[in-house]
Structure formats: structure tokens, C-alpha cells
Amino acid sequence: MPAAGGGGAAVLECPYAVRTDIVLGELLPARMPNIKIFSGSSHPDLAQRVVDRLGIDLGKVVTKKFSNLETCVEIGESVRGEDVYIVQSGCGEINDNLMEMLIMINACKIASAARVTAVIPCFPYARQDKKDKSRAPISAKLVANMLSVAGADHIITMDLHASQIQGFFDIPVDNLYAEPAVLKWIRENIPEWRNAIIVSPDAGGAKRVTSIADRLNIEFALIHKERKKANEVASMVLVGDVKDRIAILVDDMADTCGTICHAAEKLMEAGATKTYAILTHGIFSGPAVSRINNACFEAVVVTNTIPQEQHMKDSSKIQLIDVSNILAEAIRRTHNGESVSFLFNSVPL
């Protein structure tokens with residue numbers, strides 16, 4: 001606008017004052033404009049931790065059920081032109097929570113949100129990722145289609161049971177890894193970790209344990225198992241030497257915990273001095289917690305992609321790794337158009 005008094009050159013004034021703060025160890029804008037983060041009902045504590053890290057407030061949303069158990073969602077604030085993130089984990093009442101997330105995505109999309117990102121720390125139906133027998137469904141692909149049709153523009157998840165699930169989507173998928181946080185926990189909580197061996201409870205996790213063993217510069221082993229049917233292991237064969245070593249079982253998820261408890265017994269029989277289990281997704285359904293209490297674990301370590309408060313009350317062996325900082329940094333970097341690959345090898349401060 002022209003300077004007062006006329007005659008002078010035009011001077012443009014910026015109506016916005018820019019202030020910067022140190023957030024997450026980097027120079028960032030004091031607040032994140034045009035971003036809204038909403039929490040589903042599956043894991044509100046994790047969503048609150050994420051927004052606390054980012055220094056913003058959770059968006060207002062009310063979810064309820066009609067008398068016939070239909071899910072109703074009311075977004076309580078404008079999302080027009082906003083970058084929207086919906087945090088909903090695949091746990092608890094999985095089908096209800098999945099439907100709730102789809103409705104929330106669609107509600108934001110038709111309310112003119114610029115972009116809707118589904119933040120799904122534990123991806124539902126991830127174990128049904130292939131047609132391994134006649135007439136079996138590929139339910140993970142079905143969930144991917146449902147998310148896309150609902151209006152999701154982007155997916156952020158953690159430690160997918162099978163990496164190829166990313167290929168089920170025609171939209172960008174960021175599959176974050178708990179591995180950096182796991183490495184940090186091992187170095188800080190197992191004093192004799194240099195005399196440890198990383199063990200996969202099945203052949204499918206070999207790539208995961210070799211990566212961790214390489215970064216710790218220690219050896220690895222694996223257990224070959226044969227299943228009679230789902231959630232029931234028939235036999236186990238240990239491949240590797242664990243005698244007089246600390247055995248650290250690493251897996252992406254544990255449900256009824258039959259596999260890891262049998263694996264722990266096998267490791268102790270083979271001469272391991274101590275046994276730990278580190279899991280990204282601690283589902284712990286059915287007899288899982290009682291099995292953990294009766295097993296020979298020093299500790300069973302899980303992340304908070306799934307709520308663990310009740311499980312930790314029921315078992316003193318269950319310990320927690322907080323991954324809200326990884327999810328928060330992924331959201332911040334996505335919102336600002338920055339690379340997320342930094343998080344594949346490092347834990348944010």
C-alpha cells in the first residue's frame with residue numbers, strides 16, 4: 001500500500017508477523033497453520049501425546065452410536081482448506097473403529113478439507129495380506145480400497161505386518177519403523193546387550209532381526225515354526241547358537257502370545273541366560289497376559305501403537321516404548337513437505 005503523504009515509492013506491508021521457536025530440535029514456525037488433527041475413539045491417549053509434541057490442540061469431534069449401533073460422527077469445527085490428520089489405530093473393537101475412521105475421513109473430505117491423512121499406527125487386517133489357501137480373502141487389500149474410497153489422500157502407519165501392503169494403495173503410504181526406538185531401548189535398558197543375540201520367532205521376521213543385529217553389531221538366530229492352524233504352533237526348531245547369551249526376541253506383533261512364549265521356552269532350553277521380547281504391536285488378546293506372566297521373560301516390551309494401560313496393570317513384565325514422537329514428527333514433516341526418511345534410522349529428540 002502507498003506510503004502516507006503520497007509522492008513516495010509504494011511500500012508493501014506484510015500483515016503477518018513471523019515468529020520462530022525451537023520445536024523438536026529445529027527452527028520452526030511458532031504454530032502450524034492450516035492443520036487439524038482429530039482422534040478416533042480407539043486410542044485417544046496416543047493422539048493427545050502427538051498434538052502435545054506438536055504444540056497444537058486436538059480438533060473437536062463427537063462420535064456416538066445410534067440405538068441400532070450405527071456410528072455417527074460430528075466434526076465440531078471447520079476443516080475447509082485444512083490439512084487434516086485422523087489418528088485411529090486398528091485395535092479394540094476393530095470393525096467399529098475401522099468404520100468410525102472411514103466415516104471421519106469421508107466427513108472431512110466432503111467438508112472441503114484440502115487433504116486427509118489417515119494415521120493408523122496399527123493397520124487393521126494386516127495379517128490377511130495374501131491368498132494362502134483356497135477361497136481365502138485378501139482383507140488387507142479390501143481395507144486399502146475402503147480407505148481410498150472414503151477419501152483418504154495419504155496413509156501413515158507403523159511396522160506393517162507385510163511391506164507389500166503398501167502396494168495395495170494407489171495413494172502415498174509412509175510405513176514408519178519402530179526399529180530406531182527398539183535399538184535405543186536395548187542400549188539403555190540391557191546393560192549386557194553386547195553379549196546378546198537377536199532372535200526372530202519365525203522365518204518371516206528374518207529381515208527385521210538381521211537389520212537390528214547388524215546395527216548393534218551382534219549375532220542373530222531364528223526359529224522355524226510349523227502351524228497346525230491359526231494361533232496354534234505345532235513344532236519349533238532353533239537355528240543359531242544362544243548358549244550363555246541374552247536372547248532378545250523381536251517381532252512386529254503378538255496376539256495370543258503362544259508363539260513367543262513357546263520360543264522363550266525353546267531359547268532357555270538351548271542355554272540362553274535371559275530372554276526378552278520386543279514387539280511393535282502388543283495385541284494381547286485371550287490368554288496372552290497370563291501366558292506372559294507364566295513365561296520366563298525378563299521383560300516384554302511393546303510400543304503404544306495399541307493402548308497398553310490395562311495390560312501393564314495386569315503384568316509387571318510388560319514395559320512400554322512411546323512412539324508418539326515418531327508419529328508427531330512424521331505428521332510435521334508431511335505437513336511441511338519435508339522428507340520422512342530421516343525417521344527410518346533416527347528417533348526424534
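Only this structure's heavy atoms are used, side chains among them; waters, hydrogens and symmetry mates stay out. Numbers here simply count residues along the sequence, with the first being 1. Predicted, not measured: the structure shown is a model, and the values here were computed from it.
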### Linked, directly or transitively: L147 and M158 (ILVMFWY side chains, under 4.5 Å)
no
### Query
Any side-chain heavy atom of H43 sitting closer than 4.5 Å to one from V87?
no
### Task
Please report the shortest heavy-atom distance between A152 and I171, naming the atom on each side.
O-CD1, 3.4 Å
### Query
In terms of side-chain heavy atoms, does H311 have a donor or acceptor partner in Q308 at a distance below 3.5 Å?
yes
### Query
Is the side chain of N145 donor-acceptor paired with the backbone N or O of S148 at a distance under 3.5 Å, no angle test?
no
### Query
Can you tell me if CE on M99 sees more than 12 non-hydrogen neighbours from other groups inside 6.0 Å?
no
### Ionic contact status for R245 with E219, cut-off 4.0 Å
yes
## Note on the structure
When rounded to the nearest 0.5 Å, the distance separating CG of D252 from CG of L279 is 8.5 Å
### Query
Which heavy-atom pair separates K60 from E77 by the least distance, and what is that distance?
N-OE1, 2.7 Å
#### Entry: Under-4.0 Å salt bridge between E74 and K64
yes
### Message
Atom CG of residue position D57 - does it have more than 12 heavy atoms of other residues, nucleotides or ligands inside 6.0 Å?
### Response
no
### Message
Run the ring-ring contact (aromatic ring centres under 6.0 Å, His included) test against F220 and tell me which residues pass, sequence neighbours left out.
### Response
none
### Query
Is the closest basic N to carboxylate O distance between R215 and E179 below 4.0 Å?
yes
### Message
Between Q88 and N97 (side chain of the first, backbone of the second, donor and acceptor by atom type, cut-off under 3.5 Å), is there such a pair?
### Response
yes
### Query
Does V300 reach the side chain of Q319, with side-chain heavy atoms less than 4.5 Å apart?
no
### Distance-only donor-acceptor check, side chains S315 and N293, under 3.5 Å
yes
### Query
Any sub-3.5 Å donor-acceptor pair from K243's side-chain atoms to G271's backbone N or O?
no
### Task
Quick one: do T71 and V73 satisfy side-chain contact (heavy atoms from CB on, under 4.5 Å)? Show the steps, please.
CA-CA 7 Å; T71 298; V73 172; 4.2 Å; yes
### Query
Got a sec, which pairs hit ring-ring contact (aromatic ring centres under 6.0 Å, His included) with one end in residues 173-204, sequence neighbours left out?
Y177-F344
### Task
Answer yes if the side chains of S324 and R49 hold a donor-acceptor pair under 3.5 Å, and no otherwise.
no
### Query
With side chains defined as the heavy atoms from C-beta onward, is the minimum distance between I35 and Y85 less than 4.5 Å?
yes
### Message
A side-chain contact here means heavy atoms from C-beta on lying under 4.5 Å apart; do I190 and E192 qualify?
### Response
yes
### Query
Do Q310 and D314 have side-chain atoms, one donor and one acceptor, less than 3.5 Å apart?
yes
### Task
Check whether any side-chain N or O of S200 sits under 3.5 Å from a backbone N or O of L222 as a donor-acceptor pair, and report yes or no.
no
### CG-CD1 distance between L98 and I120, expressed to the nearest 0.5 angstrom
8.0 Å
### Message
To check you understand the geometry: which heavy-atom pair defines the closest contact between K36 and S78, and what is its length?
### Response
NZ-O, 2.8 Å
### Message
Treating T210 as the side-chain partner and K207 as the backbone partner, does any N or O pair qualify as donor plus acceptor under 3.5 Å?
### Response
yes
### Query
Would K65 and E70 pass as an ion pair if we require N to O under 4.0 Å?
no
### Message
Quick test of your reading of the model: are K109 and D153 salt-bridged, counting only N-O distances below 4.0 Å?
### Response
yes
### Task
State, without any angle test, whether S41 and E100 hold a side-chain donor-acceptor pair at a distance under 3.5 Å.
yes
### Query
Run the side-chain contact (heavy atoms from CB on, under 4.5 Å) check on I248 and V199 step by step: do they pass?
CA-CA 6 Å; I248 305 173; V199 185; over 6 Å; no
### Query
Judged by atom type as modelled, is there a donor-acceptor pair below 3.5 Å linking the side chain of D129 to the main-chain atoms of A162?
no
### Message
Under a 3.5 Å threshold, yes or no: a donor from one side chain and an acceptor from the other, between D174 and H154?
### Response
yes
### Task
Over all heavy atoms of both residues, which pair between N195 and D244 is shortest? Give the atoms and the distance, please.
ND2-O, 3.3 Å
### Summary
Closest non-hydrogen contact found for D159 with N175 is N-OD1, 3.1 Å
### Query
Is the number of heavy atoms from other residues, nucleotides or ligands under 6.0 Å of D132 CG greater than 12?
yes
#### Entry: Donor-acceptor pair, side chain of S42 and main chain of C91, under 3.5 angstrom
no
### Message
Measuring from atom CD1 of I86 to atom CE of M104, what distance do you get when rounded to the nearest 0.5 angstrom?
### Response
5.0 Å
### Heavy-atom side-chain contact between N325 and E329 under 4.5 Å
no
### Summary
Rounding to 0.5 Å, atoms CD1 (I156) and OG1 (T117) come to a distance of 5.5 Å
### Approximate separation, where rounding is to 0.5 Å, of C261 SG and F297 CZ
5.0 Å
### Message
One pair to check against side-chain contact (heavy atoms from CB on, under 4.5 Å): L216 and R187. What are the steps and the verdict?
### Response
CA-CA 9 Å; L216 291 172; R187 291 188 179 110; 3.8 Å; yes
### Task
Carefully, step by step, assess D52 and Q48 under the rule side-chain hydrogen bond (donor to acceptor under 3.5 Å, both in side chains).
CA-CA 6 Å; D52 288 346; Q48 188 62 54; 3.0 Å; yes
### Query
Less than 4.0 Å between a side-chain N and a carboxylate O, is that true for E338 and R332?
yes
### Query
Does any N or O in the side chain of E265 come within less than 3.5 Å of the main-chain N or O of H262, such that one atom is a donor and the other an acceptor?
no
### Query
Are T275 and E298 close enough that a side-chain donor and a side-chain acceptor fall under 3.5 Å?
no
### Message
Between N294 (side chain only) and S290 (backbone N and O only), is there a donor and an acceptor less than 3.5 Å apart?
### Response
yes
### Query
Side chains of R291 and T256: closer than 4.5 Å at any heavy-atom pair?
yes
### Task
State whether K313 and E309 are salt-bridged, where the test is any N-O pair (Lys NZ or Arg NE/NH1/NH2 against Asp/Glu carboxylate O) under 4.0 Å.
no
#### Entry: side-chain contact (heavy atoms from CB on, under 4.5 Å) assessment of F38 paired with V51
CA-CA 9 Å; F38 296 97; V51 295; over 6 Å; no
### Task
List the atom of L238, the atom of A221, and the distance in Å for their closest heavy-atom pair.
CD1-CB, 4.4 Å
### Query
Roughly how far, to the nearest 0.5 Å, is CG of N34 from NE2 of H335?
6.0 Å
#### Entry: Backbone N/O of I306 and side chain of N304: donor-acceptor pair under 3.5 Å
no
